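Below is one structure, written out as structure tokens; comments come after it.
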Amino acid sequence: MEVVLQSLNIPLSVETVCVFTAPVFSAFAAWAAYLLTKEVKGTGAGLTAAVLLAMVPSYISRSVAGSYDNEAVAIFALIFTFYLYVKTLNTGSLFYATLNSIAYFYMVCSWGGYTFIINLIPMHVLLCIVTGRYSSRLYIAYAPLVVLGTLLAALVPVVGFNAVMTSEHFASFLVFIVIHVVALAYYIKGILSPKMFKVAATLVVSVGLVVGCAVIAVLVAVVASSPTKGWSGRSLSLLDPTYASKYIPIIASVSEHQPPTWPSYFMDLNVLAFLVPAGIIACFSPLSDASSFVILYLVMSVYFSGVMVRLMLVLAPAACIMSGIALSEAFDVFTRSIKFYITNLSESLQIDAGDAVPGNGVSPQNDVLKTDKKEDTLKERPSRKNKKKEKETIEKPSVKSKAEKKPLVLPVEASFFALFLTVLLGGFYVVHSVWAAAEAYSAPSIVLTSHSHDGLHVFDDFREAYAWLSHNTEVDDKVASWWDYGYQTTAMANRTVIVDNNTWNNTHIATVGTAMSSPEKAAWEIFNSLDVKYVLVVFGGLVGYPSDDINKFLWMVRIGGGVFPHIKEPDYLRDGQYRIDSQATPTMLNSLMYKLSYFRFVETDGGKGYDRVRRTEIGKKHFKLTHFEEVFTTHHWMVRIYKLKPQKNRIRGKTKKSKSKTSFTTTPRSGTTKKNPWH
Amino acid sequence: MAKISIATVFMALISLLLTLTHSFSTENPTDRRILVLLDDLALKSSHSIFFNSLQSRGFELDFKLSDDPKIALQRYGQYLYDGLILFSPTTERFGGSLDVAAVLDFVDSGKDLIVAADASASDLIRSIAAECGVDFDEDPSAVVIDHGSYAVSGTEGDHTLIAADDFIKSDVLLGSTKIEAPVLFKGIGHSLNPTNSLVLKVLSASPSAYSANPKSKLSTPPSLSGSSISLVSVVQARNNARAVFSGSLDLFSNKFFKSPVQKVGSSNKYAKSGNEQFVTELSKWVFHERGHLKAVNVKHHKVGETDEPAIYRINDDLEYSVEIYEWSGSSWEPYVANDVQVQFYMMSPYVLKTMSTDKKGLYHASFKVPDVYGVFQFKVEYQRLGYTSLSLAKQIPVRPFRHNEYERFIPTAFPYYGASFSTMAAFFIFSFVYLYSK
């Protein structure tokens, strides 16, 4: 793209591309949401959904300018893949089916969340088959996706043979077999007479059962032989929300992988959370293949978002689509009833008195238009267009259907009032989204700000520390820190780190966790074996920055203990409580993390050592470091950098200058004196 | 997507870390200028054999009284001397700018040291020794007494003149000629922490020795006894600075050098004690005339090539070579040993191989890169008793196969190739038949 634009004399740097990738893709995502919803419930719902998606705070968090992340692209890919699937389902066109596989490939390239697609679509297919909705369109929508999609997915290096080897993909193959069996059954049913079919069915079912059982037995044996049942840790933690915290602390330790709290639903979805049920109801009248797919998508993503905060991102488009459907249906009903009232009114007026017709007849209509326009001209117009289209297509049967729809017509006052409330709801949503985008999701995470009574405070400690590292250390020095700061250190300090945010090497992270949880000497040995020169810790105790390393420390202990069993979590807890005050355990107080965080801390507030995050006085205030030396501490003490002391040139004898130690030196000798012949 | 392993960051970062002594020119590691601090200038004549042997080997000795106010080890940040001999056991304070810290800095910058204590060793000498890991007996009046292996002399005496012959077995430290006669020793003993890997007992006391005040009656068990007493110890610091600690100043004296020796209970009578040979050989070691290694020309390349690559691939066959020489006092001689090992190391050694030598100093090993990628190091950690330690580390990244480095067609997969091509052919024929047959 850059090359094309450069050739057109439009200057464009890589940074610009990085900054604008997410916003551009969020626009694409809105467009894809429009297409998907249009396939499900028509243009009106589609536009409403697109508008909602354009502002949904959950997605804004990933698509603000500068948020150059997989998810920004992946959500577009996800929705677009779903759109193409539904489109194929509706049209039965092999062209769209092929496009669908390519879109799926794009999704595989962009995000690990592609497993959601490859499980959701088979589920929907199975649902259709079970509910007797099998059709050739379903076959065309599904079979090419599995074949082509799997082949393409296997081309992605990260996925590779996982596309056929891991349990995440088994569902798609199982359903692939099922759909073929069903297709065969339908075909045979078509060519055989009913009587013959019955015979054939019993034959096939009995043989099929035997074969099927054998296959399943083999599968179960293969799958059960692997300890994780063939599932990757992240997927297992989705199926069993307690799995990660039990077995893979490294997954559980990520704040994005925690279960969300209720406020986070309101924060990320706002009014959509209340509109979704209405959307589900709308989808059931009437239930089509497409709308059942959207329902399934919603249900699954609600479950997944309940397991991990991060997957709120997958829920957001589903919620937008559902709310879009709900809102557009609501507008549909309200405007129709108002229209119905107006036409009735004008008809009665025409009958009663012909003179007064135009004035009275037009004014309420204008009213409706105005209110609608005020709120959102986009929604109103297409719904009218849609109406026109519908009128054209369903003109003739509409006479009857209109008569059927009559119960849906509400009293005009109620309609106006409801319309007003709906518009108000939409208004709140807009206000909330703008607020969320401005306040919550636009702040950079590397420069922190805080408002207090005496104005705005800026905490630029991270950049200060990284700049120090890049100016004062050798180019090939290695820096050890907890993995959260790995990418930042690599990018901003230009130094090699031991572990970074790419967490695939659990053992490595556990090694660093163990070092941080060990006493100084053991930690020094670990770091020395890793060729580490500097250790970086983040400490918020002075300014009250809560996400510092002491608060993350238990995870370091857990992750370290998961690989190196001599690190035991209970050693760091006093009666099951995590504390750093005078009640803390000796193991905790002697751990490297404690020492590096609180070294010289007591000097800051005249001997009290009050930690503002933990809101307590620290347990051990005066201590010296023997194997590490402090080389840099930032302005607000948020980042502290230590250097490993080199190994001592000489090993000192036990005798010190002071004579007071004489007794100490002679006591351990008592053991050897027994050999003394003079004794 | 872009999961970058640490490996790529290390690309092209190859550093050679040669931990040779930086005390003297690496080309000529033997000390030249030595400061001798004496309690009493009379020592200059009473220990003249030792000093003369040093001077005859080319050392410039600078004699000073230990309380001379003009003593300075360095001027303008440059050390004036390469070695220091402290024959001043009773000095409580040095003159000039010299103190314990200055002496230790001298050692920490790679210079060498000989310290001789005596029965009345001062706290100053004791603390210098303690900082280097040598603990002289705390009791100021204690000396080493040995009723089992004292030197026979005219008078009965109190058995404090010891004939010690329990030498460390090391040709590097004590030369290749065996010291036949026992070494006369009269002074205090010291102990070493057994976990301290940097100090070595060169001359140990016999099992019947103990450390006590010979004039008073022994009321409590002596704090030091038996062969745990060390009479003479050497220290080689991590930067290869060397030091000798002797509990006896008389060990170096002309009197002891020349006196005949007979160990009690032994019929062998030697006309001359082993002191001269012992001290001379030890001084050769401590002033880097022996046992100093250097490693040069670290090379590695793939088998069949000569250029050093910036990166290896897993399962490459490679050759590693290094040249190791030993300083003989006047020139670099090839070092011959059969225990030099090279490690291919990433947090732990993946390959550990003993290198073969061509007896001309070149050590060579060839091995296969393990089937693990990451940032490795070629490591040679060579620490042998008496020799300076060699620790070479050279970083080298190892990458996995590239996509086009896998085998394109493997024989086991021929059924599958056959299947796919026959399917294509069949499909073509089928469509042809289907479309054009009536």
Side-chain angles (χ1 to χ4, degrees), chain A residues 69-70 73-74 108-112 156-158 474-476 478 486-487 490 494-505 507-508 511 526 529-531 646-659 661-670 672-679, chain B residues 1-6 9-10 13-15 100 104 107-110 123-124 126-127 129-139 147-148 190-193 195-199 207-208 210 212 218 220-228 235 237-239 241 243 347-348 375 377 393 395 403:
Chain A
D69 203 354
N70 299 358
V73 178
V108 178
C109 290
S110 60
W111 200 30
V156 179
V158 186
E474 296 292 322
V475 186
D476 49 359
K478 290 156 195 93
Y487 279 168
T490 310
N494 195 17
R495 290 295 173 269
T496 311
V497 292
I498 297 301
V499 288
D500 61 21
N501 307 41
N502 153 23
T503 51
W504 59 266
N505 193 337
T507 319
H508 221 124
T511 309
I526 293 172
S529 75
L530 291 170
D531 212 7
Q647 220 174 357
K648 283 226 178 71
N649 191 33
R650 297 164 278 109
I651 300 175
R652 193 175 287 158
K654 56 191 180 306
T655 323
K656 290 272 166 66
K657 249 188 196 171
S658 57
K659 299 242 163 160
K661 289 228 169 173
T662 314
S663 55
F664 290 105
T665 52
T666 47
T667 35
R669 287 269 137 215
S670 57
T672 54
T673 51
K674 279 179 187 165
K675 292 176 196 159
N676 185 359
W678 293 93
H679 186 65
Chain B
M1 283 298 297
K3 303 293 181 198
I4 307 161
S5 67
I6 300 170
V9 186
F10 283 136
L13 271 183
I14 306 164
S15 61
V100 177
L104 295 174
V107 173
D108 286 346
S109 51
D123 279 349
L124 179 77
R126 284 168 190 274
S127 61
E131 286 291 331
C132 295
V134 172
D135 302 316
F136 281 112
D137 193 347
E138 288 285 320
D139 184 355
H147 300 295
H190 57 261
S191 65
L192 308 175
N193 185 352
T195 58
N196 188 339
S197 57
L198 302 177
V199 290
S208 59
Y210 66 100
L218 204 62
T220 51
S223 58
L224 291 176
S225 67
S227 50
S228 72
V235 176
R238 291 210 167 84
N239 64 356
M347 292 174 76
S348 60
V375 178
Q377 283 178 318
Q395 190 169 284
H403 280 286

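Chain identifiers are assigned alphabetically (A, B, ...) following the order of the sequence lines, protein sequences preceding nucleic acid strands; residue numbering begins at 1 within each chain. Hydrogens, waters and symmetry mates are skipped; everything else that's a heavy atom, side chains included, is used. Everything quoted here is computed from the prediction, not taken from an experiment.
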Strictly distance-based, threshold 3.5 Å: is any side-chain N or O of A:N649 a donor or acceptor partner for the main-chain N or O of B:A237? no
Nearest heavy-atom approach of B:S197 to A:I651 is N-CD1, 4.1 Å
If I take atom CG from residue B:N239 and atom CD from residue A:Q647, how far apart are they, to the nearest 0.5 angstrom? 12.0 Å
Distance, nearest 0.5 Å, that separates CG of B:D108 from CZ of A:R650: 4.0 Å
Would you mind checking which part of B:V107 comes under 4.5 Å of any heavy atom in chain A, side chain (CB onward), backbone (N, CA, C, O), both or neither? both
Please flag which part of A:L530 lies under 4.5 Å from any non-hydrogen atom of chain B: side chain, backbone, both or neither. side chain
May I ask you to test the A:D476-B:Q395 pair for a side-chain heavy-atom distance under 4.5 Å? no
Side-chain donor/acceptor of B:R238 to backbone N/O of A:K648, under 3.5 Å: yes
Which bit of B:T220 comes within less than 4.5 Å of chain A, counting heavy atoms only: side chain, backbone, both or neither? neither
